[in-house]
Structures are given as structure tokens and as C-alpha cells.
Engineer: 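Let me give you the structure first, and then I'll get to my questions.
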Amino acid sequence: MQPQQVKAISTAIKQRQTKEAKLYMFVTHLECSLTGQHYAANQLHNLSEAGKPLLVKYDLAQAGKHLTKERLRTRAGNLWRYREVLPVVHAANIVTLGEGGTPLLPARQLGARMGLSQLFIKDESVNPTGAFKARGLALAVSMAKELGIKKVAIPSAGNAAGAMAAYAARAGLEAYVFMPRDTPAANRYECEVLGAKVTLIDGLITDCGAEVARRKEAEGWFDVSTLKEPYRIEGKKTMGYELAEQFAWTLPDVILYPTGGGTGLIGMWKAFDEMEAMGWIGSARPRMYTVQATGCAPIVRAFHNGWNEAPEFENAHTVASGLRVPRAVGDFIMLDILRKSGGGAEAVTDEEMIEAAKEIGALEGVFCAPEGSACLPVLRRLQARGEVGPDDKVVIFNTGAGVKYLEAFGLKTLN
Ligand SMILES: *Cc1c(COP(=O)(O)O)cnc(C)c1O
């Protein structure tokens, strides 16, 4: 073959590869969730200038032309099936452990006991690392890789750290984890086994966050704290796409969601709006309920007091480590969603969570994290008040695997 021919062929291959690799270019910009100020895509960002979360915006008309319901039928059952509405540009940067595509389980026996004809459990515990945090961190780490990051850091009271450690390992990034000393042992060992550098802090997740913030510049870490980078929401929003797809492109009447930082709540709401913009669903929305622990209920308190922001919750404590978030930077977005949707916010005790986990476990075969089981007592309360009727289509989110919380279920010795 002539050198020119070789060159022509290799150019053609390269062009084809570039075309194939760059399938997902529908992001237009990022936007401040408070002020609407625009930021460029494909650059590193944490919070906006106003100190608020950034939201990723897409050309949904174009994305919707490419991502058709028909095309979805042939795609694998993980969250990357919605890749046109995800921010990764180059397919080679996708870091995956098979996250998403979790089952929507009809809870027939529990429903019958409660007098609910359409009760479902969205079981996020089957995600990699045993919690829905995998969705968010898969996106955050993939984007970190795409944007040239070498080291990622996270303050976490539990599952987020394990997920970050797993995806960072797979992406070849260094992972730095800061955890409260009383974090469940499973989360800590998981991070260590997955190769992260773990520092235990005598304090809360907010203290861990302060430590990351203090050191990140000097250490060259990229901070992937909840909502402090724009992409975890994008991963979590796929729960909203999945729900709609699993309900044949309709939405349930009621969603109960264990809320810490609120990425899932904010993400799902964003997904609903995106799907409406693509013409996949109408304007009806589920009533969204935030579920928190009585020992750490900043959103519940703010909701019931009519506040638009949720000040720090003092002396936060609960075995549901995912709910131990005393101050959430996305508070104003969550409170707006809860009110707009006609939903609400309720808190339950740790004892109620453990009891509820046993009830769900024995009736439905799902070993819920205390965060997930917390939805059950709240649902009963909503029924008693007439806010949920017998034929409402209700989804409770089991956000994590109970087996990671053995101390909460009575194990004394592990440490
Ligand atoms: C982090 C976490 C939550 C809270 O999720 P947010 O999206 O931050 O509100 C709930 N449950 C479990 C098991 C978690 O790990």
C-alpha cells in the first residue's frame, strides 16, 4: 500500500472514531440554580459565584431526536442508556460498574397489609457498592476523568465515600476520604479495600467537609461533595428516567425519598422537567415527600416553618448515616420542589427505622438501609392524615443495603 493510501485510511478511521466517540454532545452550558447565571461546559466547576449548586443544561430538542423511546429498547439496562442526557462527551471516559437499572418491585404483601393497591419499592440497594450513591459518583468520576482530574476528595458519612473509592479506583484516580469516626464500619473498610486514603474525623460530615475545603487547594484535590460539583445530580436524575420508563412513561402519584443532601430529589425533579421538554411525559408530577431522621431533620423543620432555607440542624445524630446531613447547600431547591409538588417532609426515629426495616424485610425480602425503611412509618402517617389514598401509586425508595449497617441492627463488636 502507498504511504498516501495508508494515511488516507488512518485519517478516515480517526474521523470515524471521533464521530463515534463524541456521540453525546448535547450539553449547552451550566447554570446557577439560584441566579441562572451561565457557565461554560467542559470546564472544572464547583459551586457558582453565588455559592449555589450548578445545574447542567442540554439542548433537549436535539437530545430528544437522538434518544428515542424506540432506541432505548435496544440498550443495556444501566444508567448509560440515557447517555444523550448525560454530560460525558467521550465514550472512553465513561467509568462504569454497571450502575442503575435497579428493580421497581411491587410490594404486594406490604401493600395488602397497609391497604394500598399500588405500592412499589425502587430498590437502589442492588447498585454497585450497595447504594444509589453509585449513580452520582459514576458521573462525577467520569467527568473528573474527562476534565483531567487526578485526585478526588470527599467528605462522607457513609455510602458516598465507598462509591467514590470504587469509581476512582476503576478510573485510576487517587481517592481521599474524610469520614466521621462513627461512620458504619462497612463504609470504612469498603473504602480502604478499594484503595482510598481514609481519614477519620471526630465530628460530623460538615466538619469533614471543612477539612476537605481547607486542604484541597494545596493538595490538588477535586472536591466531589454533594452538589458542590455539578455531575452527581446528573447521575442521580437517572432514577427519575428509570421510574418513568418502568411505569411505561407515566409517573407515580407519590414518591417518598430519604433525604440527606438532596441530590436524588433535585435530580429526579430535573429529570421530570427534561422528559416533559422532550415530549415523553406530561406536566403532572408526583407529590414528593422528604423523609428524614428526628435526630437530623433540617429540611423537615424548614418545611413546616415555611422557611425557604434550612439552617444547620444542631447536634445531628441518627443511625441512618446517609441522612446525617445537618446543612444542605441545595436546601432552597428541595423546599421549592416539596411545595410545588404538593408533597411534604416528615421525620422518624431510629427505632421506627429499625422496626420498619424488619417489617419490609420479612414481607418483601428486601433488606433496607435504615434510610430506606424510614419511608414506611412516614407513609403510614400520610395515610392516617388522608394525604395518601388506597389506590394512589406510591413509590418508596430503598436507597441502600441494610447489610452495610450491622451496628444499627444490633451488632456490637465490629470495629
Ligand atoms: C446519601 C444517602 C441518602 C441521602 O441521599 P441524598 O441524595 O444526598 O439526599 C439516603 N440514603 C442512603 C442510603 C444514602 O447513602
Side-chain angles (χ1 to χ4, degrees), residues 103-126 130-132 157-159 182-187 254-260 264 289-301 303-304 313 315-325 343-388 390 392 394-414:
L104 181 67
L105 304 169
R108 293 204 183 88
Q109 302 198 77
L110 184 62
R113 176 180 286 184
M114 296 179 67
L116 291 172
S117 65
Q118 301 187 83
L119 176 62
F120 296 84
I121 301 172
K122 179 73 171 154
D123 188 14
E124 290 291 304
S125 70
V126 299
F132 69 167
N159 292 313
D182 57 355
T183 294
N187 298 116
V254 177
I255 291 178
L256 284 85
Y257 177 79
T259 307
Y289 286 89
T290 269
V291 174
Q292 295 195 309
T294 47
C296 182
I299 302 298
V300 176
R301 181 174 64 180
F303 181 84
H304 290 286
F313 201 88
N315 306 316
H317 61 91
T318 166
V319 295
S321 49
L323 306 184
R324 218 186 291 147
V325 184
E346 297 288 327
V348 302
T349 64
D350 286 6
E351 293 70 32
E352 286 178 292
M353 293 179 206
I354 300 303
E355 276 313 299
K358 291 176 183 165
E359 190 177 355
I360 299 171
L363 283 175
E364 298 297 345
V366 176
F367 187 2
C368 290
E371 293 89 336
S373 66
C375 295
L376 181 58
V378 170
L379 181 53
R380 286 215 163 92
R381 225 179 279 168
L382 299 179
Q383 283 183 288
R385 293 207 300 251
E387 285 183 49
V388 169
D392 272 339
V394 180
V395 175
I396 60 181
F397 268 83
N398 176 38
T399 45
V403 76
K404 291 177 95 174
Y405 297 76
L406 294 182
E407 297 96 330
F409 289 99
L411 183 72
K412 297 274 187 319
T413 53
L414 200 62

Engineer: Contact between Tyr289 and Glu387 at the side-chain level, heavy atoms closer than 4.5 Å - yes or no?
Structural biologist: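 Yes. Closest side-chain heavy atoms under 4.5 Å.
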
Engineer: Do Asn398 and Leu105 have side-chain heavy atoms sitting under 4.5 Å apart?
Structural biologist: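 In short, these two side chains do not touch, never coming nearer than 4.5 Å.
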
Engineer: Would you please test Asp182 and Arg324 for side-chain contact (heavy atoms from CB on, under 4.5 Å) and show each step?
Structural biologist: CA-CA 11 Å; Asp182 57 355; Arg324 218 186 291 147; 3.3 Å; yes

Engineer: Under 4.5 Å between any side-chain heavy atoms of Glu351 and Glu355, yes or no?
Structural biologist: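 No; the side chains remain at least 4.5 Å from each other.
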
Engineer: What do you reckon, is CZ of Arg108 surrounded by more than 12 foreign heavy atoms closer than 6.0 Å?
Structural biologist: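 Incorrect, the count does not exceed 12.
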
Engineer: Are the side chains of Ile396 and Val291 in touch, meaning some heavy atoms are under 4.5 Å apart?
Structural biologist: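 SC-SC contact between Ile396 and Val291 ruled out.
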
Engineer: Tell me, do Asn159 and Lys404 make a side-chain contact under 4.5 Å, heavy atoms counted?
Structural biologist: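 Side chain of Asn159 against side chain of Lys404, heavy atoms only: contact under 4.5 Å found.
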
Engineer: Evaluate Asp392 against Leu116 for side-chain contact (heavy atoms from CB on, under 4.5 Å), listing each step before the verdict.
Structural biologist: CA-CA 7 Å; Asp392 272 339; Leu116 291 172; 5.6 Å; no

Engineer: Just wondering, do Met114 and Leu376 contact through their side chains at under 4.5 Å, heavy atoms?
Structural biologist: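 Contact flag for Leu376/Met114 side chains = yes.
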
Engineer: In the structure I gave you, are the side-chain heavy atoms of Thr183 and Ser321 within less than 4.5 Å of one another anywhere?
Structural biologist: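 No; the side chains remain at least 4.5 Å from each other.
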
Engineer: So, for Gly260 and Leu323, which heavy atoms are closest and what is the spacing to 0.1 Å?
Structural biologist: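 Scanning both residues completely, I find the closest heavy atoms to be N-CD2, 4.1 Å.
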
Engineer: Mind checking side-chain hydrogen bond (donor to acceptor under 3.5 Å, both in side chains) for Glu359 and listing every partner two or more places apart, or none if nothing turns up?
Structural biologist: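 With sequence neighbours excluded, Glu359 shows a side-chain hydrogen bond (donor to acceptor under 3.5 Å, both in side chains) to Arg113, Arg380, given in chain and number order.
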
Engineer: Restricting to non-hydrogen atoms, name the atom on Cys296 and the atom on Ala316 that form the minimum distance, rounded to 0.1 Å.
Structural biologist: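 Reported closest heavy-atom pair: SG-CB, 3.7 Å.
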
Engineer: Spell out, as yes or no, whether a donor-acceptor pair under 3.5 Å connects the side chain of Glu407 to the backbone of Pro184.
Structural biologist: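 Not confirmed, Glu407 side chain does not pair with Pro184 backbone.
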
Engineer: Using side-chain heavy atoms (C-beta onward) and a distance below 4.5 Å, is Pro103 in contact with Val126?
Structural biologist: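 In short, these two side chains touch, coming nearer than 4.5 Å.
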
Engineer: Using 30° and 60° as the class boundaries, would you call the ring planes of Phe367 and Phe409 parallel, tilted or perpendicular?
Structural biologist: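 Aromatic pair Phe367/Phe409 classed perpendicular.
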
